[in-house]
Number of protein chains: 2
Amino acid sequence: MDCTTSPSYSNRLLDSLPEEDRKRFLADCEIVDLAFGRKLAEPGETISYAFFPIDCLVSLIATLESGGRLEVSMAGNEGMVGFPLMLGAEKSSLQAVVQGAGAALRMSSACFQDHLERSPALERLMKRYLNVLMSQISQSAACAHYHSLEARTARWLLMTHDRTRGDELRITHEFLSGMLGVRRAGVTLAAKALQRRGLIDYQRGRITVHDRPGLEAASCRCYATDRKTYGQMIERLA
Amino acid sequence: MDCTTSPSYSNRLLDSLPEEDRKRFLADCEIVDLAFGRKLAEPGETISYAFFPIDCLVSLIATLESGGRLEVSMAGNEGMVGFPLMLGAEKSSLQAVVQGAGAALRMSSACFQDHLERSPALERLMKRYLNVLMSQISQSAACAHYHSLEARTARWLLMTHDRTRGDELRITHEFLSGMLGVRRAGVTLAAKALQRRGLIDYQRGRITVHDRPGLEAASCRCYATDRKTYGQMIERLA
DNA sequence: CTGTTTATGTACAGCACCGTACCGACTGAA
DNA sequence: TTCAGTCGGTACGGTGCTGTACATAAACAG
């Protein structure tokens, strides 16, 4: 399939490239379907591809030797997976897991690095995105340390909702607990509290967002801060 | 003072540059003395300089709107302060505070960005350092969430010890509590536990490291992981 | 030497998690 | 239609912090 023609099969980050650069870039991409749970990167392992989500959603997870896991960022249509490739590193330090199945544009590591060298606009864009990532990861660090599980759950739902079509998110409490680094039972309590307030509804593997403004009020300010950072660094490119 | 001649007034990161590039870089630096507590960057504020610590020590701190603060990385002689300058950003998202007084090389933002464009070796080096930072910040996120205060205290002391001449660290429990995002009283308990084990000793504003191997055993593996990452990304440049 | 400031020691109730465990309910495959 | 597997609801005691408070001790300025 020719990725250069169909604008619906695109990625918001790449969309902000100049037409010329964008076309050249897309010509070297292929579209892949990513199933839920697929690992796009593992800590310590070589990165083979850069991914630009179209309608899938990927979690970036920090892992500890002791086994602990904590989601530190998310990449959907507004982002990409494989930032170490911009930094002269072959290996990933984070784990990247497909959290929402869907399509993505994929480019081999070597090819991506080649494009980075040839397209100053791409290089600039990727650097700005990297700065957004830095801010988000730092924010997540402090957020996980200070904020209540309920607020963090609300934040996570909002972030996922932003990167998903429709109001229904297909995830289990178990999965969410893995992202937030807490017990499954803890998520159930938090979710129930949000449900009782009429902000969400859920049944067996799906959570439905009913009241976004309410969720925003229930979430910590980290959500708003992240959006603001992205807006300032990426959208205000024009 | 001419920074190009005296090798003792240098910075380990810059030392790994090719002689040529290094000299040109140092020629545009000035040496400044940084007092304890001085803020080199504030979240949301414009960055005026890049700093390359000679014998001072700087903490990078994530701040929350709600007031919470958490140290996410540290820059001593092995690092630098002002990474957003490499990423096309003018503003800092983190706070940078001088945690150990001392000297640093300083270069204006514009000049630094100029050097980045002219010296591919510098660009490569800075990118690799950025990757180290990313790993460390992610690690800190999970560490603060999962590990005990005692282990985190040990880790912090080791990291600071690595970046300090001698075994005596001049910090109060109060300050440390700010970095770790906990109560002052909590740090006192952790410090006392480490002291009772004979790993450290302390009195009013100074902590002395007595048993490094012991401290390493008491710390979480995050300390070792961080060192390994730095070694792989920076030292193995040669 | 005195009074002030700063640093550390200690205590206590409170709370948000933890690990674990078990049950019921839903789902999908046989 | 039954059964196995998955998911969510709930409960228990335990623990590592929290916020607060107050006392002691060292450092310092006068």
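First the proteins, then the strands, lettered A, B, ... as listed; each starts at 1. Note that the structure is a prediction, hence the values are computed from the model and not measured.
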### Message
Please report the interatomic distance CG(Leu34(A)) to CD(Gln99(A)), rounded to the nearest 0.5 Å.
### Response
13.0 Å
### Task
State, to 0.1 Å, how close Val58(B) and Ala96(B) come at their nearest heavy-atom pair, and which atoms those are.
CG1-CB, 4.0 Å
### Bend angle of the helix from dC1(C)-dG30(D) to dA30(C)-dT1(D), from helix axes over five pairs at each end, nearest 10°
30°
#### Entry: Gap separating the CG atom of Leu157(B) from the CZ atom of Arg212(B), nearest 0.5 angstrom
10.0 Å
#### Entry: Salt-bridge criterion met for Glu150(B) and Arg197(B) (N-O under 4.0 Å)
yes
Polar pairs (N or O, both sides) under 3.5 Å between protein and nucleotides 26-30 of chain D?
residue: dA26(D); atom: N3; partner: Arg204(B); partner atom: NH2; Å: 3.3
residue: dA27(D); atom: O4'; partner: Arg204(B); partner atom: NE; Å: 3.4

### Query
Between His210(A) and Leu215(A), is a side-chain contact (heavy atoms from CB on, under 4.5 Å) present by the stated rule, with each step listed?
CA-CA 9 Å; His210(A) 275 133; Leu215(A) 260 191; over 6 Å; no
### Query
Of the residues in residues 214-225 of chain A, which ones touch DNA chain D at a heavy-atom distance under 4.0 Å?
none
### Query
Could you state the NE2-P distance from His173(B) to dA25(D), rounded to the nearest angstrom?
17 Å
### Query
Looking at DNA chain C, which of residues 61-68 of chain B put a heavy atom within less than 4.0 Å of it?
none
### Message
Please report the interatomic distance OG(Ser140(B)) to NE2(His145(A)), rounded to the nearest 0.5 Å.
### Response
11.5 Å
### Query
Taking atom P of dG8(D) as reference, at what distance in whole Å does atom CD of Glu174(A) sit?
9 Å
### Query
For the pair made of CZ in Phe36(A) and P in dT6(D), what is the distance, rounded to whole Å?
13 Å
### Task
Please step through side-chain contact (heavy atoms from CB on, under 4.5 Å) for the pair Met74(B) and Leu57(B), ending with a clear verdict.
CA-CA 7 Å; Met74(B) 234 181 236; Leu57(B) 178 46; 3.9 Å; yes
### Task
Output the residues of residues 184-202 of chain B in contact with DNA chain C, where contact means a heavy atom of the residue under 4.0 Å from an atom of the strand; sort by number or write none.
Arg184(B), Ala185(B), Thr188(B), Lys192(B), Tyr202(B)
### Query
Does a donor on one side chain and an acceptor on the other come within less than 3.5 Å for Tyr230(A) and Asp162(A)?
no
### Query
Applying the salt bridge (Lys or Arg N to Asp or Glu O under 4.0 Å) test to Glu78(A), which of Arg163(A), Arg227(A), Arg12(A) qualifies?
Arg163(A)
### Task
Could you check how far CZ of Arg183(A) sits from P of dT20(C), rounded to whole Å?
11 Å
### Query
Which residue, Leu189(B), Leu199(B), Ile207(B), forms the side chain to side chain contact (heavy atoms under 4.5 Å, CB included) with Leu194(B)?
Leu199(B)
#### Entry: Distance, rounded to the nearest Å, where Phe175(A) contributes CZ and dG8(D) contributes C1'
17 Å
### Query
Taking atom CE of Met134(A) and atom OG of Ser92(B), what is their separation to the nearest 0.5 Å?
10.5 Å
### Query
With no hydrogens and no angle check, is any side-chain donor or acceptor of Arg128(B) less than 3.5 Å from a backbone partner on Met233(B)?
yes
### Query
How far does OG1 of Thr188(B) sit from OH of Tyr202(B), to the nearest 0.5 angstrom?
6.0 Å
#### Entry: Ion pair Arg38(B)/Asp33(B), N-O distance below 4.0 Å
no
### Query
Considering the options Ile61(A), Leu94(A), Leu133(A), Val132(A), which one meets the side chain to side chain contact (heavy atoms under 4.5 Å, CB included) requirement together with Ser73(A)?
Leu133(A)
### Query
Is Arg152(B) reaching over with its side chain to a backbone N or O of Leu180(B), donor-acceptor style, under 3.5 angstrom?
yes
#### Entry: Proximity to DNA chain D (any heavy atom under 4.0 Å), residues of residues 142-161 of chain B only
Ser148(B), Leu149(B)
### Query
Between CG of Leu176(A) and CD of Glu71(A), what distance do you get to the nearest 0.5 Å?
8.5 Å
### Query
Over how many whole Å does the gap from Gln203(A) atom CD to dT27(C) atom P extend?
9 Å
### Query
Between Gly205(B) and Gly181(A), who's closer to the 5' end of DNA chain C by nearest nucleotide?
Gly205(B)
#### Entry: Side-chain donor/acceptor of Asn77(A) to backbone N/O of Asp55(A), under 3.5 Å
no
